[in-house]
Amino acid sequence: MNTIETLFQQLTKMQWSDYLDIAIVAYLVYRLFPLVRDTGTKQIAKAIVAILLVAWLTDLMNLYTLSFILEQFLQIGLIALVVLFQPELRRMLDHLGNMKFHKFFGVEKTGPEMAPIVAQTVAACEVLSRERVGALIVFARDNRLDEYIKTGTKIDGQVSDQLLRNIFFPKASLHDGAVIIRDGRITAAGCVLPLSSSNRLNADLGTRHRAGVGMSEASDAVVVIVSEETGTISVAVGGMLKRHLASQTLERLLTNELCPEENTDQDNPVQRLKQKFRKTGKEERK
């Protein structure tokens, strides 16, 4: 009971700036938390939590020798974390640097209509799969992928079945690289992507699949891969590879990832707040 009274007294002493401070910190945590859920960043978070937990237990149990060792380690812990988790930290900073400002603050801008782009991509993948022609198609989302676009040839062309098939034609000069689609247009072709070093991938997967998974690990991009050897279609998202997809499954998956129109209002806290105010206003008018 005393704890509740103390808490109530503290709340009554708080000023408007304190509430604003709490609200801003809570919103920043809400927006940054998805980064911690990524595979690489999760390892950093686990390491920090484990070190802090052990340090707290050693202090609680009066383990002076172990506590002294941990204190010495914590003094150089930041440098050690930077050295050990350099790839993960770079990936997280790249994600923050490429994140759109309006997206971070919950303000959605109307983008290009993705449904016809998805349809053209699926049609091209069907033909490429049937003819056993390898392909690597990257759909950029919040991450702009500028550093990877620079490795290829800029095109800035409309996404079409014919253009995608021509790019990946075996004798074409750009067929070995990846096509990057950004803002609804083919931005570049012949791009070089980072290879995944994950041990979870099957040994029979070649460079094209490892590049697709690596791209999905390094960014929030959606990557479509068509195998040259088997003709199977795969999709890599968030470091996970979904293989042996039929054309209908591919279209449904790309639609869910690239055209989340019905989920936009549910995922956006600003839109949810607006809907709540609208609903309240309608009820008051009634």
Side-chain angles (χ1 to χ4, degrees), residues 31-32 34-35 37-41 86-104 108-114 117-118 120-122 124-125 134-160 163-164 167-168 172-198 201 207-226 233-242 250 253-260:
R31 300 302 296 183
L32 294 175
L35 296 178
R37 292 185 299 184
D38 292 343
T39 306
T41 317
Q86 182 181 1
E88 288 79 7
L89 286 170
R90 183 178 180 274
R91 192 178 307 147
M92 182 175 65
L93 292 174
D94 285 343
H95 187 82
L96 282 173
N98 289 319
M99 184 176 289
K100 297 176 183 177
F101 186 78
H102 64 83
K103 179 81 172 181
F104 183 81
E108 294 290 341
K109 290 186 177 179
T110 304
E113 179 60 43
M114 292 300 295
I117 297 172
V118 169
Q120 291 292 320
T121 304
V122 172
C125 289
L136 191 56
I137 305 171
V138 180
F139 287 92
R141 295 198 279 189
D142 289 338
N143 289 99
R144 304 297 288 169
L145 308 183
D146 289 327
E147 60 179 302
Y148 304 106
I149 290 173
K150 292 177 182 177
T151 63
T153 301
K154 291 188 178 181
I155 295 179
D156 190 26
Q158 183 178 355
V159 179
S160 67
L163 180 55
L164 288 172
I167 291 174
F168 291 112
S173 58
L174 300 176
H175 80 282
D176 276 336
V179 163
I180 296 181
I181 298 175
R182 188 175 72 180
D183 297 332
R185 296 182 67 82
I186 298 179
T187 306
C191 300
V192 179
L193 305 184
L195 298 180
S196 174
S197 58
S198 175
L201 297 177
T207 305
R208 185 175 282 110
H209 285 83
R210 290 192 173 273
V213 175
M215 185 76 265
S216 70
E217 290 174 344
S219 68
D220 64 344
V222 179
V223 187
V224 180
I225 308 120
V226 180
I233 302 174
S234 307
V235 172
V237 182
M240 302 297 293
L241 184 66
K242 300 179 182 180
L250 174 64
L253 195 154
L254 291 179
T255 301
N256 292 337
E257 292 291 340
L258 303 174
C259 314

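What you see is a predicted model; the values in this text were computed from it and never measured.
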Checklist entry - What pair of heavy atoms forms the shortest contact from S234 to H209, and how long is it? => result OG-NE2, 3.8 Å
Checklist entry - Can you find a heavy atom in the side chain of F139 that is under 4.5 Å from one in the side chain of V118? => result no
Checklist outcome for this item: What one should report as the nearest heavy-atom pair of V159 and G184 is CG2-O, 3.7 Å
Next on the checklist: Under the criterion side-chain contact (heavy atoms from CB on, under 4.5 Å), I'd like the reasoning laid out for M215 against L145: C-alpha separation, chi angles, the key distance, then a yes or no.
Outcome noted: CA-CA 10 Å; M215 185 76 265; L145 308 183; 3.7 Å; yes
Next on the checklist: If I take atom OG1 from residue T121 and atom CG from residue L254, how far apart are they, to the nearest 0.5 angstrom?
Outcome noted: 7.0 Å
Item to check | Counterpart residues, side chain to side chain contact (heavy atoms under 4.5 Å, CB included), relative to K154 (two or more places apart) | outcome: I149
Item to check | Spatial distance of atom CE (M240) from atom CG (L201) [nearest 0.5 Å] | outcome: 9.5 Å
Next on the checklist: Could you measure the distance from the CZ atom of R210 to the CG atom of L195? Nearest 0.5 Å is fine.
Outcome noted: 8.5 Å
Checklist entry - Just how far is it from atom CG of D220 to atom CD of E257, taken to the nearest 0.5 Å? => result 10.0 Å
Checklist entry - If you look at every heavy atom in E217 and S198, which pair is closest and at what distance? => result OE2-CB, 3.8 Å
Checklist entry - Can you tell me how far CD1 of I233 sits from CG of L250, rounded to the nearest 0.5 angstrom? => result 5.5 Å
Next on the checklist: Between I137 and C125, is there a side-chain heavy-atom distance shorter than 4.5 Å?
Outcome noted: yes
Next on the checklist: I need the minimum non-hydrogen distance between A221 and V138, along with the two atoms involved.
Outcome noted: CB-CG1, 3.7 Å
Checklist entry - Just wondering, do V237 and K242 contact through their side chains at under 4.5 Å, heavy atoms? => result no
Next on the checklist: Checking A236 now: which residues fulfil side chain to side chain contact (heavy atoms under 4.5 Å, CB included) with it, not counting sequence neighbours?
Outcome noted: V213, S216, V223, I225, L241
Checklist outcome for this item: Residue set satisfying side chain to side chain contact (heavy atoms under 4.5 Å, CB included) with T151, at least two apart, ordered chain then number -> C191, V192
Item to check | G212 versus L136, closest heavy-atom pair with distance | outcome: CA-CD1, 4.0 Å
Checklist entry - Who passes salt bridge (charged side-chain N to carboxylate O under 4.0 Å, His left out) against R208, sequence neighbours left out? => result E228
Item to check | Whether N143 side chain and S219 backbone form a donor-acceptor pair below 3.5 Å | outcome: no
Next on the checklist: Test side-chain contact (heavy atoms from CB on, under 4.5 Å) on D183 and R144; report intermediate values, then the result.
Outcome noted: CA-CA 9 Å; D183 297 332; R144 304 297 288 169; 2.9 Å; yes
Item to check | For A189, side chain to side chain contact (heavy atoms under 4.5 Å, CB included) partners two or more places apart | outcome: I155, I167, L174, V179
Item to check | Minimum heavy-atom distance A218-Y148, with the two atoms named | outcome: CB-OH, 3.9 Å
Checklist entry - CD1/I181 to CZ/R141 distance, rounded to the nearest 0.5 angstrom? => result 13.0 Å
